[in-house]
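Quick caveat: nothing in here was measured; it's all calculated off a predicted structure. Proteins get letters first, then strands, A, B, ... in listed order; numbering begins at 1 in each.
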Protein chains: 2
Amino acid sequence: MRKTHSGGNAVDWDRIRIFYTVAESGSFTKAGDVLGLSQSAVSRQIGALERELRAPLFHRHTRGLILTEQGELLWRAAREMTQRLERTRSQLSETREHPSGELKVTATRGLGGHWLTPRLAEFLDLYPDIKVDLILTDEELDLSMREADIAIRLRQPQQPDLIQRKLFTVHYHVYASPAYVKRFGEPKSYEDLDNHRLISFGGTSPSYLTAVHWLGTIGRDQRNPRPLHLVVNNITAMKRAVDSGAGIAVLPDYLIETGSPLVQLMRESEMPQLESYLVYPEEMKSVARVQVFRDFLIQKAQRWTY
Amino acid sequence: MRKTHSGGNAVDWDRIRIFYTVAESGSFTKAGDVLGLSQSAVSRQIGALERELRAPLFHRHTRGLILTEQGELLWRAAREMTQRLERTRSQLSETREHPSGELKVTATRGLGGHWLTPRLAEFLDLYPDIKVDLILTDEELDLSMREADIAIRLRQPQQPDLIQRKLFTVHYHVYASPAYVKRFGEPKSYEDLDNHRLISFGGTSPSYLTAVHWLGTIGRDQRNPRPLHLVVNNITAMKRAVDSGAGIAVLPDYLIETGSPLVQLMRESEMPQLESYLVYPEEMKSVARVQVFRDFLIQKAQRWTY
DNA sequence: CCCCCATCATGCGCAAAACGCATAGCGGGG
DNA sequence: CCCCGCTATGCGTTTTGCGCATGATGGGGG
């Protein structure tokens, strides 16, 4: 059957559950009704338990049962075990229905700082029992190694044990401040770019290479890029530089607030796009806080995309 | 099978025991070895438990298992349940091997006060974790109603659910103080008794009727007993009266210390005897403190009898 | 005072749960 | 790149555990 045969030192825990029901109801018959068992089955289970423990548990009196001293000891233990298990079961269903716990989120500094952060407040309001640990870095943390629970990425992951959900498309355009345009004019062709003050991203994120380095390489030999006047490894600082008229730069749309005074240049040129993805390990897909975070962000992404 | 079919809301507790073993050993195979089960059996038990709880418990990784969030919750509960049960199991065997707890003893005032009490100190020394609640009364408490755990009686109980063990024989003799004998002489016949100062017991204990009322009835019409000079309902006080020369009385041997100056009278007469019994309910026979108390008293009784 | 009913213990036959064996699939480390 | 160890699963078999029915027992009501 299903029980260690080594020494016979182990008891069948399920018999303790049955014992507890009997102790509570005070009768084999009633306990059988509660458990969906016949009276005889209960009788034999208790008998077996008494044999396993080598201790009588009940005084069989015609008018109901009376716990022996040993039975009373076991009854207290069984009651506490029942309570402990019950607590855990409600925790389990709470975990299923009421998201809670800590969620370790990672995103690139740009996307994370400008798109995600403003939306996090609402999420935390929605789920007050979720604690978010936000890691903004352009390095790709290893989700398989539990460096983070969920990531916002600008490229598709290759590992097959990672689930990916598309969030939105990041559009890139060339911008300059009105003051800059007044002073230097607009570039009309790729060749014009050679005479402009170019600002570019200096980060290592591979996804940025195609988009943010566009200014240095477009219409040029890739191995001989244009000289850049300013390289910044922080995209926020980069935008500030553009704002202040330091030059022109390719910026993602999530950085451009509506009503921004920045002037969009070279509108005819075909610009790179990047897809943003929500990525999390297969094994996290059943965790409620991951589910609600995912659903929340996808909804926000759809509303935000225009 | 052995599990409530009502709603399927209950889990088989024994599966939790198996789950705990798996969580501790980190492998179905190893857990199977520990439990004396095959790997496949363990796998299916865990699978069934996950279905019962509607929650995945392990991430199956090729390099061992990793507890899910829910698995971790259950693991903590299972650990505490295991500890609780283990504690109880050792309590059970302690109860079996190391007697403890409260023992409610009842005895007649005479036997209890003079024979039992002096021996109790040694018993309490021998078993320091046993607390004795001694009830000295000549009324027979109802052992079935738990008015006491064990009794010393001077007659056999009639209830079949009571266990009786013979302790020793109580001999009764007629005594007087040397001073009394000097003044009144010894009675040589039953008729002589009519001219003596007779002291008798006034208690209601039925066992005493035959023995202690001997002086009033012996060699006489039972319905017309001798007049008594002193009736006392406390046998200790009765002996003190004899000691001080107030009269002659039938006294049990346990009251007569060796070397007592009292003079035994009418040595030729056949005197009543009473058997003393240790009585306890059938349901207490497996309780360790009852067992050791019983064995202790029987041993003392054998050594004391002479 | 006696009968009756509720309770627990147990024998018997049966159904199903659970087990072991063997195989397949899978993934990581040497 | 292969190999080893781990888990999942199908299959045939064992055995456990169950229900039913009966027997024994003891307390309470008429």
| message | Test salt bridge (Lys or Arg N to Asp or Glu O under 4.0 Å) on B/E282 and B/K285; report intermediate values, then the result. | response | CA-CA 6 Å; B/E282 161 81 21; B/K285 83 156 186 282; 3.0 Å; yes
Write down the distance between [atom1] ([X]) and [atom2] ([N]), rounded to a whole number of angstrom.
| X | N | atom1 | atom2 | value |
| --- | --- | --- | --- | --- |
| B/Q39 | C/dA22 | CD | C1' | 11 Å |
| B/I46 | C/dA18 | CD1 | P | 13 Å |
| A/R51 | D/dT16 | CZ | P | 12 Å |
| B/D33 | D/dT7 | CG | P | 11 Å |
| A/I18 | D/dG17 | CD1 | P | 9 Å |
| A/I66 | D/dG26 | CD1 | C1' | 13 Å |
| A/L49 | C/dA9 | CG | P | 13 Å |
| B/F58 | D/dC6 | CZ | P | 15 Å |

Of the candidates C/dT10, C/dG20, D/dA8, the side chain of B/L37 sits closest to C/dG20
Among the nucleotides C/dG20, C/dT10, D/dT7, whichever has the atom closest to the side chain of B/R44 is C/dG20
Any side-chain N or O of [X] under 4.0 Å from OP1/OP2 of [N]?
| X | N | answer |
| --- | --- | --- |
| A/T29 | C/dC8 | yes |
| A/R15 | D/dG17 | yes |
| A/Q45 | D/dC18 | yes |
| B/R60 | D/dA8 | yes |
| B/S43 | D/dA8 | yes |

*Ignoring hydrogens and angles, does a donor from either the side chain of A/S40 or the base of C/dC8 sit under 3.5 Å from an acceptor on the other?*
no
Walking DNA chain D from its 5' end, the first of A/H61 and B/A41 to be reached, judged by nearest nucleotide, is B/A41
Comparing B/S27 with A/S38, nearest DNA chain D nucleotide closer to 5' gives the residue B/S27
| said: Looking at A/K104 and A/D133, is there a salt bridge between them, counting it only when a charged N and a carboxylate O are closer than 4.0 Å? | reply: no
**Message:** I'd like to know if B/D14 pairs up with B/R17 as an ion pair, taking the criterion as any Lys NZ or Arg NE/NH1/NH2 lying under 4.0 Å from an Asp or Glu carboxylate oxygen.
**Reply:** yes
### side-chain contact (heavy atoms from CB on, under 4.5 Å) evaluation trace for A/F19 with A/L67
CA-CA 11 Å; A/F19 161 79; A/L67 282 168; 3.9 Å; yes
field: Donor-acceptor side-chain pairing of A/S93 and A/R89 below 3.5 angstrom
entry: no
